[in-house]
Amino acid sequence: MKEVKIKGVGSYVPSQVITNDDLSKIVDTNHQWILERTGICERRISEGEDTSSIAYKAAKVAMDKASIKGEEIDLIIVATITPDSFTPSVACILQKMIGAKNATAFDLNAACTGFIYSLEVAESLLKTGRYKNALVVGAETLSKIIDWKDRSTCVLFGDGGGAAVIGIDEEEKSGIINTYSISEGEKGDALTAGANDVINPFAKEEVIKSKYVQMNGREVFRFATGAMVDSIKKVLEGTGYNLEDIDYVVPHQANLRIIDYAAKKLGLSKEKFYVNLERVGNTSSASVPMALADMDNEGKLKDGDLIVLVGFGGGLTCGATLIKW
Ligand SMILES: CC(C)(COP(=O)(O)OP(=O)(O)OC[C@H]1O[C@@H](n2cnc3c(N)ncnc32)[C@H](O)[C@@H]1OP(=O)(O)O)[C@@H](O)C(=O)NCCC(=O)NCCS
């Protein structure tokens with residue numbers, strides 16, 4: 001069977017750099033605490049740009065790399081938890097921006113696993129034969145749902161976007177080999193963000209919610225370490241590939257300690273895990289495609305390499321994609 005292949009990747013981050021020292025001026029924190037607990041040194045924060053603009057700039061790079069025009073794209077999926085609006089979706093706004101008038105476009109919310117879930121959906125739809133070229137984007141403006149007075153969360157996140165153009169590989173040489181995904185909705189309260197109050201003239205009671213990121217850090221940490229290890233093992237099952245065959249793991253960039261723990265537990269060298277979180281922080285849905293685009297720019301993605309994308313996050317959700325590049 002012909003495989004679905006990533007034909008081009010791209011990323012974009014806002015130009016404004018916010019360092020740990022900058023944050024120490026607005027909350028009671030310091031560079032050493034943030035670095036030791038997370039590995040993050042700085043992040044990019046929007047100066048007013050919203051998610052669709054970030055998605056567009058990342059998508060343009062991926063489309064140029066894949067040498068594809070807007071009208072050739074017939075499926076757009078944007079993974080995001082910070083859309084410009086409830087409707088239209090970021091995907092529909094992006095469709096207009098790139099002139100993809102032949103596309104079906106929708107957003108997908110699986111928090112930090114969003115890009116992996118979106119790849120799985122896009123791959124499945126491409127394999128029906130009804131679509132030829134998909135644009136899969138992860139884009140976030142997390143700065144608009146962060147409580148900038150809460151030091152336990154505001155130091156962790158950043159804004160940015162990553163994108164991939166995917167389509168059927170006619171040469172049948174490379175592509176997505178397997179996907180594993182699972183959700184654990186019963187643990188959803190451990191990480192929540194973004195909500196409207198339930199208030200209307202006919203309501204029996206008013207439900208007031210927090211629109212900001214709220215997280216039980218330790219519970220999420222526990223989930224994340226287990227999820228990374230399990231997802232990597234599960235995505236290899238039945239493929240004929242083993243852990244030692246992996247050339248690169250591209251993990252969700254939440255926390256260096258989570259990545260180091262998973263590497264140790266799996267007996268894999270840390271060098272196999274691509275890390276850019278020190279520069280961008282946790283960008284949720286954008287994190288994995290941004291890392292892929294950085295690897296591409298650094299010449300680290302070589303034909304024939306075995307690559308595992310792995311993510312975990314709000315929902316709670318987790319999953320992994322096994323790719324022969
Ligand atoms: C958030 C996280 C870094 C916190 O690290 P931790 O070692 O669990 O730290 P704790 O929350 O136990 O806090 C330890 C102390 O540091 C303090 N602290 C919290 N944030 C701080 C900050 N930014 N600067 C300084 N001190 C801080 C706490 O108030 C606490 O102080 P106390 O002992 O006096 O009460 C860690 O739990 C984590 O990485 N969790 C996973 C988060 C994640 O990746 N989420 C996204 C998933 S997609």
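We're numbering straight along the sequence, starting at 1. Whatever order the structure lists them in is the order used to number ligands and atoms, beginning at 1. Only a predicted model underlies this, so the values are computations on that prediction, with no experimental measurement involved.
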Within the 4.0 Å heavy-atom shell around His252, which atoms of ligand 1 are there?
48 (S)
Closest to atom 26 (N) of ligand 1 by heavy-atom distance, out of Phe221, Trp33, Phe157, is Trp33
Flag atom 35 (O) of ligand 1 as yes if some protein heavy-atom distance to it falls below 4.0 Å, otherwise no.
no
Under a 4.0 Å heavy-atom limit, does Val155 contact ligand 1 with its side chain, its backbone, both, or neither?
side chain
Under 4.0 Å from atom 20 (N) of ligand 1, is there any protein heavy atom?
yes
salt_bridge(Glu298, Lys300) N-O dist < 4.0 Å:
yes
Between Asp50 and Lys144, does at least one N-O distance fall below 4.0 Å, as a salt bridge requires?
yes
Is atom 11 (O) of ligand 1 less than 4.0 angstrom from at least one protein heavy atom?
no
Less than 4.0 Å between a side-chain N and a carboxylate O, is that true for Lys5 and Glu123?
no
Identity and distance of the protein heavy atom lying nearest atom 31 (O) of ligand 1
Arg151 NH2, 4.2 Å
Among all the protein's heavy atoms, is there at least one whose distance to atom 17 (C) of ligand 1 comes out below 4.0 Å?
yes
Please report the C-alpha distance between Lys65 and Asp296 in whole Å, then the side-chain angles of each, then the deciding distance to 0.1 Å, and finally whether the salt bridge (Lys or Arg N to Asp or Glu O under 4.0 Å) criterion is met.
CA-CA 10 Å; Lys65 288 247 168 86; Asp296 190 35; 3.5 Å; yes
Starting from atom 48 (S) of ligand 1, find the nearest protein heavy-atom neighbour and note its residue, name and distance.
Cys112 SG, 3.2 Å
Does atom CG of Asp245 have more than 12 heavy-atom neighbours from other groups under 6.0 Å away?
yes
Going by distance only, is there an N or O of Asn255 that falls short of 3.5 Å from an N or O of ligand 1?
yes
Would the number of heavy atoms belonging to other residues, nucleotides or ligands and lying under 6.0 Å from NZ of Lys324 be above 12?
no
Any atoms of ligand 1 less than 4.0 Å from a non-hydrogen atom of Thr29? List them with their elements.
22 (C), 23 (N), 24 (N), 25 (C)
Which protein heavy atom lies closest to atom 9 (O) of ligand 1, and at what distance to 0.1 Å?
Arg37 NE, 3.8 Å
Determine, counting only non-hydrogen atoms of the protein, whether one lies under 4.0 angstrom from atom 45 (N) of ligand 1.
yes
Just distances here: any N/O of Asn282 and N/O of ligand 1 closer than 3.5 Å?
no
Please identify which atoms of ligand 1 are closer than 4.0 Å to at least one heavy atom of Phe312.
48 (S)
